[in-house]
**Student:** 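Let me begin by handing over the structure; questions about it come next.
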8 protein chains.
Amino acid sequence: MAKKKPVVSIIMGSDSDLPCMEKACEILKSFAIEYEVKILSAHRTPEDAAIFAKNARKKGIKVIIAGAGGAAHLAGVVASFTTLPVIGVPMESKALKGLDSLLSIVQMPSGIPVATVAIGEAGAKNAGILALQIIGVSDKKISEKLEKFKKDLANSVRKKNNSLKNV
Amino acid sequence: MAKKKPVVSIIMGSDSDLPCMEKACEILKSFAIEYEVKILSAHRTPEDAAIFAKNARKKGIKVIIAGAGGAAHLAGVVASFTTLPVIGVPMESKALKGLDSLLSIVQMPSGIPVATVAIGEAGAKNAGILALQIIGVSDKKISEKLEKFKKDLANSVRKKNNSLKNV
Amino acid sequence: MAKKKPVVSIIMGSDSDLPCMEKACEILKSFAIEYEVKILSAHRTPEDAAIFAKNARKKGIKVIIAGAGGAAHLAGVVASFTTLPVIGVPMESKALKGLDSLLSIVQMPSGIPVATVAIGEAGAKNAGILALQIIGVSDKKISEKLEKFKKDLANSVRKKNNSLKNV
Amino acid sequence: MAKKKPVVSIIMGSDSDLPCMEKACEILKSFAIEYEVKILSAHRTPEDAAIFAKNARKKGIKVIIAGAGGAAHLAGVVASFTTLPVIGVPMESKALKGLDSLLSIVQMPSGIPVATVAIGEAGAKNAGILALQIIGVSDKKISEKLEKFKKDLANSVRKKNNSLKNV
Amino acid sequence: MAKKKPVVSIIMGSDSDLPCMEKACEILKSFAIEYEVKILSAHRTPEDAAIFAKNARKKGIKVIIAGAGGAAHLAGVVASFTTLPVIGVPMESKALKGLDSLLSIVQMPSGIPVATVAIGEAGAKNAGILALQIIGVSDKKISEKLEKFKKDLANSVRKKNNSLKNV
Amino acid sequence: MAKKKPVVSIIMGSDSDLPCMEKACEILKSFAIEYEVKILSAHRTPEDAAIFAKNARKKGIKVIIAGAGGAAHLAGVVASFTTLPVIGVPMESKALKGLDSLLSIVQMPSGIPVATVAIGEAGAKNAGILALQIIGVSDKKISEKLEKFKKDLANSVRKKNNSLKNV
Amino acid sequence: MAKKKPVVSIIMGSDSDLPCMEKACEILKSFAIEYEVKILSAHRTPEDAAIFAKNARKKGIKVIIAGAGGAAHLAGVVASFTTLPVIGVPMESKALKGLDSLLSIVQMPSGIPVATVAIGEAGAKNAGILALQIIGVSDKKISEKLEKFKKDLANSVRKKNNSLKNV
Amino acid sequence: MAKKKPVVSIIMGSDSDLPCMEKACEILKSFAIEYEVKILSAHRTPEDAAIFAKNARKKGIKVIIAGAGGAAHLAGVVASFTTLPVIGVPMESKALKGLDSLLSIVQMPSGIPVATVAIGEAGAKNAGILALQIIGVSDKKISEKLEKFKKDLANSVRKKNNSLKNV
């Protein structure tokens with residue numbers, strides 16, 4: 001079954017991040033890309049996270065999406081154990097509204113990048129799209145679907161613009 | 001000639017960004033990946049930027065790296081015209097030290113991601129590495145080289161650690 | 001019909017910005033200035049935005065008001081295609097409360113200004129007033145109406161002050 | 001003499017702001033627009049600032065550019081006494097690097113807009129260009145010169161891009 | 001009547017600031033200090049604000065408390081027209097939560113101080129206490145009452161602490 | 001000797017704050033107000049600070065000026081032991097440029113105000129002026145001198161403005 | 001009774017901090033560590049705080065946990081009177097969401113450290129755990145319990161991860 | 001040899017952090033506490049960091065001090081593998097001056113605390129003192145030395161204060 005071979009891993013530090021990270025799942029699903037979802041904590045299950053990261057490429061994973069909040073180390077920790085592209089999604093944290101999550105994810109030292117997207121749901125959805133763009137570099141079917149997605153996006157804006165005129 | 005077929009475009013809004021963005025060039029060069037460097041301004045040459053972005057995939061480009069500062073729109077503008085992965089490098093701006101550049105690049109709306117890396121030179125170098133990771137998803141030679149690069153990185157840290165002990 | 005010839009364009013990246021941007025519409029309406037409202041996304045319909053901006057002056061537009069949030073590129077992108085004054089209204093974004101929108105709009109590079117106003121509704125209303133002030137530079141009727149508006153504003157404050165005394 | 005009739009006033013709170021604000025002077029001079037330069041402090045000469053603002057339109061001024069730093073009140077104070085468009089330039093302050101200046105200028109309450117531009121020299125230059133755009137709304141010669149200025153700007157970027165290729 | 005001779009003026013830019021500024025009124029009332037409350041806008045009634053400030057000392061006012069939000073200029077504008085001590089209370093603004101108000105009030109240029117207190121209600125109450133402390137410099141009755149107030153404050157904390165132990 | 005009876009105490013956490021705090025000394029000296037200067041640390045000599053604060057009023061002190069940086073507790077600690085007005089001057093700290101000092105001083109809880117001025121030298125000078133304004137509430141000679149000081153301030157701005165015209 | 005000899009003191013500036021600080025109590029209780037809870041204000045009961053801190057070690061206290069918000073001086077003030085380790089918990093303040101609390105606690109000057117944890121409830125719980133870790137340095141039973149706690153933490157993450165798979 | 005048995009580990013992500021972290025070494029040395037210094041990167045040598053942390057207690061380490069900058073994960077990563085107290089020192093980073101380092105270290109999720117100190121050298125020195133305080137919980141010699149250190153600190157402030165008076 002295709003289902004047995006996910007190509008994208010969506011991981012997060014806590015199940016409270018799930019509602020946000022589902023935006024990434026949805027977009028991958030709509031492109032019929034197989035993905036897996038895991039709760040892995042950089043701080044509470046560091047060894048599981050390390051094992052996951054070290055084995056991801058062998059298992060057929062092409063892109064990892066990691067959501068985390070506060071002192072958000074998950075994306076960076078996973079990136080330290082793999083050479084796959086790792087996309088970091090900063091969660092909107094309670095007190096500092098995700099500014100802490102963003103800086104903890106994006107300000108990685110030279111040598112170990114994390115591809116950081118916007119704070120919260122827009123970022124989670126965009127993480128899914130970025131994963132598709134990465135896959136689309138060598139997969140023409142996906143890149144063509146992305147072109148169509150882009151056109152649909154434009155058309156939905158145009159439709160809203162037109163409905164405005166009619167009012 | 002290989003030189004005729006760059007697979008990574010490194011673009012920036014101003015030639016003052018060049019010293020920083022050269023960190024991306026250097027890492028690509030060290031992996032023998034062909035790249036092109038362009039000065040394209042989202043604000044001063046918006047049409048050139050649009051034309052560049054629309055044609056990038058056709059020309060064989062696989063990843064675009066865009067450096068910009070302040071109200072840093074270049075990465076987002078280019079991403080709006082292509083479905084290639086676009087990596088954004090926030091320049092360290094004069095007054096706000098790159099916080100403006102970072103937020104202008106990373107907080108993209110749902111639908112159009114930009115893979116954002118750290119402010120300044122560490123970010124520029126990591127943009128190059130991230131481009132290699134993206135290419136490495138479907139290019140085993142590159143992904144293997146990345147594994148070696150990672151090991152060298154670890155060894156250089158270990159060497160520094162050891163020289164510390166000897167003191 | 002006057003309605004056929006708007007002199008102010010009010011554009012925004014998403015229909016979710018409409019409730020805020022209506023503050024700009026209301027003030028223009030109260031001055032009997034014709035305006036048009038458009039949903040145009042710097043990221044989702046970049047070409048529509050470019051075409052709009054390039055043709056605005058020819059169509060009789062004198063001032064463009066652009067509302068956008070997050071990595072708010074709309075005002076800057078439109079400003080890159082026109083020499084009309086462009087007023088940028090930073091939307092109050094969900095996580096960072098408009099600080100991202102503000103910096104993305106105001107920190108424009110040398111050569112391409114955007115006249116930035118306050119975050120959210122106060123800014124949207126002020127964008128309308130600023131458009132009237134710009135038109136009023138060469139339109140005595142409008143500048144005289146603005147003087148009256150300013151006096152009314154003062155009087156409404158005085159009325160509140162007086163009602164305070166009576167309590 | 002044309003010199004007797006400035007159409008733009010460039011004011012600032014302190015002579016230490018002059019090196020920055022000269023960027024506004026230079027661009028106006030290059031467009032042969034008459035301007036005056038004044039040191040007027042919202043806090044040290046508030047009455048002079050008020051008298052200046054109340055008389056500006058009568059004297060033939062069309063746009064006011066105000067530079068100030070820290071708790072930067074000059075632009076707002078002047079705007080409270082005139083219905084001319086007022087452009088605010090946030091100075092780069094010593095401790096907070098202009099973030100204080102920016103927020104003090106841009107976050108004006110509903111009713112009294114200030115057209116805010118970027119912190120520091122890029123903002124000062126852009127204030128001059130924005131003044132020209134405002135004048136250009138009803139002055140075809142200026143708007144045509146602005147089109148040429150925009151093309152020159154694009155060409156200077158292109159020249160830099162080409163010189164890059166030749167290296 | 002004592003009521004005819006207020007010694008503290010509590011002014012604010014808008015009647016929406018009243019619920020917050022009432023904390024200053026309450027503390028003054030509890031010390032039997034006469035005060036007046038005024039709505040005066042630095043931006044909408046600048047001349048009223050100037051006249052108020054210039055006449056305050058003559059009228060017998062000893063301390064001015066000014067509450068304002070956003071680009072909060074009221075305290076600074078009033079301070080520019082008087083040599084009385086002016087206490088500034090930063091309102092909690094909608095988008096930026098009072099950080100803009102705070103910086104606009106506290107970062108005054110050399111020559112014109114504003115005695116700034118905390119954002120919001122704690123600040124408003126403290127503005128009242130600070131006014132009492134200033135009056136208490138030369139009014140022994142007030143300074144003695146302040147000593148008692150301080151003791152009561154301590155005792156209320158101690159009472160809470162004790163009730164904790166009993167639980 | 002008058003020198004034996006200072007009415008203002010200028011205290012600071014470290015001798016490295018002295019160059020900044022001297023701005024407060026200078027202005028007091030120019031008004032012939034006796035002051036004392038002390039190094040007192042909220043953290044290193046907390047008991048000395050407490051004893052100082054508890055005895056200040058008895059010794060004839062009318063206003064306390066406290067400069068401190070980082071987690072700047074000195075002003076708040078002193079304010080907790082006295083009912084004299086305490087003016088806090090946030091030092092420009094090394095990493096965070098005084099934002100930490102400012103927030104640590106200004107955000108005092110309800111009950112214990114600190115009159116906070118700007119970060120750094122402008123704040124130190126303004127602390128001195130604010131102390132004079134507080135003394136001037138009941139000392140006509142000082143309040144008249146302050147009026148003259150204010151006029152001189154205005155005249156020095158006017159002189160600069162005039163010298164500009166002559167250029 | 002063991003209850004007579006607490007080894008951890010949990011103090012806070014106000015009873016409104018109690019719901020947050022209870023997270024520290026709970027974790028200590030679950031490890032059967034005796035603790036005391038006190039309301040002590042750096043600003044309202046500074047002498048009580050000083051006496052508490054000076055006597056803590058003698059009474060058998062090993063670690064002090066202090067929660068405070070805004071210009072949060074409690075942890076620093078207590079640390080200035082003891083050589084016991086002091087853990088500071090920044091409360092989430094109303095306007096600035098705990099950024100003020102955090103900087104006021106963590107940016108202590110050289111000589112007097114405060115061990116700062118995260119803003120709000122996560123920080124309060126972690127303060128309890130950190131106290132246990134400190135006690136565990138010389139108390140094998142506690143350090144072994146901490147190892148078990150760490151494993152349970154990991155297992156609860158794994159359980160959530162597994163339940164995800166089953167969905 | 002005592003040298004063979006360090007009780008404090010001082011680790012850092014890069015040798016560029018060494019000049020700052022030496023402040024921690026110096027204070028430990030002055031207390032005759034054995035320590036070791038290691039360069040260990042959370043991102044470049046994650047496995048070395050994990051192995052170090054897992055073995056630290058067994059080797060006799062009582063406290064770990066970790067310095068890191070930017071997306072500073074080292075302290076958190078080490079804390080995830082040990083139940084020893086981990087002290088985090090935020091390095092002053094180039095662009096964001098350590099605000100990123102601070103938030104990445106202090107905002108740890110519930111379960112895994114890091115005892116965070118100030119940004120930069122003051123923090124490094126305080127990390128050393130905090131380590132001593134932790135050791136001093138069960139080591140009377142150290143806690144007594146700390147009392148003396150505290151007195152010396154106070155005396156050095158008093159000496160500075162006195163030399164001021166003599167001037």
Side-chain angles (χ1 to χ4, degrees), chain A residues 3-4 6 9-22 24-25 29 34-53 55-56 59 65-74 77-78 91-104 119, chain G residues 16-17 19-21 23 27 67-70 72 88-106 115-130 133 146-167:
Chain A
K3 260 199 182 134
K4 300 252 162 90
S9 293
I10 299 175
I11 64 175
M12 64 205 79
S14 155
D15 58 349
S16 65
D17 303 333
L18 199 53
C20 176
M21 294 307 293
E22 265 168 4
C25 304
K29 201 178 291 177
E34 291 304 322
Y35 61 90
E36 60 180 10
V37 180
K38 283 176 187 296
I39 298 176
L40 277 174
S41 167
H43 300 119
R44 286 174 281 224
T45 55
E47 302 207 297
D48 297 6
I51 291 166
F52 159 77
N55 294 325
K59 285 183 354 190
I65 296 173
H73 298 183
L74 184 59
V77 160
V78 162
M91 293 295 109
E92 189 180 322
S93 52
K94 189 169 172 297
L96 299 183
K97 301 298 170 203
L99 186 66
D100 46 359
S101 323
L102 171 58
L103 297 180
S104 300
I119 298 167
Chain G
S16 64
D17 304 333
C20 175
M21 295 307 293
K23 301 287 164 191
I27 191 83
V89 185
M91 293 293 110
E92 188 180 321
S93 52
K94 190 170 172 294
L96 300 183
K97 302 295 169 205
L99 186 66
D100 45 1
S101 324
L102 171 58
L103 297 180
S104 300
I105 292 175
V106 80
T116 310
V117 290
I119 298 168
E121 293 196 357
K125 183 170 180 188
N126 277 351
I129 299 172
L130 181 57
Q133 290 176 337
L146 279 166
E147 293 293 335
K148 194 189 163 304
F149 173 80
K150 214 172 180 74
K151 270 173 204 150
D152 291 349
L153 214 60
N155 284 333
S156 83
V157 172
R158 282 181 198 126
K159 216 170 286 176
K160 283 178 189 168
N161 186 37
N162 288 333
S163 72
L164 210 69
K165 282 185 202 158
N166 300 333
V167 176

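Naming: A, B, ... by sequence-line order, numbering from 1 per chain. These numbers come from a predicted model, not from an experiment.
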**Student:** Mind ranking G:Leu96, G:Leu102, G:Val157 by heavy-atom pairs under 4.5 Å with chain A and telling me who comes out on top?
**Tutor:** G:Val157
**Student:** To the nearest 0.5 Å, tell me how far G:Lys160 NZ sits from A:Leu40 CG.
**Tutor:** 13.0 Å
**Student:** Nearest 0.5 Å, please: how far is CD in G:Glu92 from NZ in A:Lys94?
**Tutor:** 3.5 Å
**Student:** Heavy-atom distance under 4.5 Å between the side chains of G:Leu164 and A:Leu18, does that happen here?
**Tutor:** yes
**Student:** To the nearest 0.5 Å, tell me how far A:Arg44 CZ sits from G:Asn155 CG.
**Tutor:** 13.0 Å
**Student:** Would you say A:Lys59 has more than 12 foreign heavy atoms packed within less than 6.0 Å of its NZ?
**Tutor:** yes
**Student:** So, taking the atom named NE2 in A:His43 and the one named CG in G:Leu153, what distance separates them when rounded to the nearest 0.5 Å?
**Tutor:** 11.5 Å
**Student:** Heavy-atom pairs under 4.5 Å with chain A - which of G:Lys150, G:Glu121, G:Arg158 has more of them than the others?
**Tutor:** G:Arg158
**Student:** Can you tell me how far the CG atom of A:Leu99 sits from the CG atom of G:Leu99, to the nearest 0.5 Å?
**Tutor:** 8.5 Å
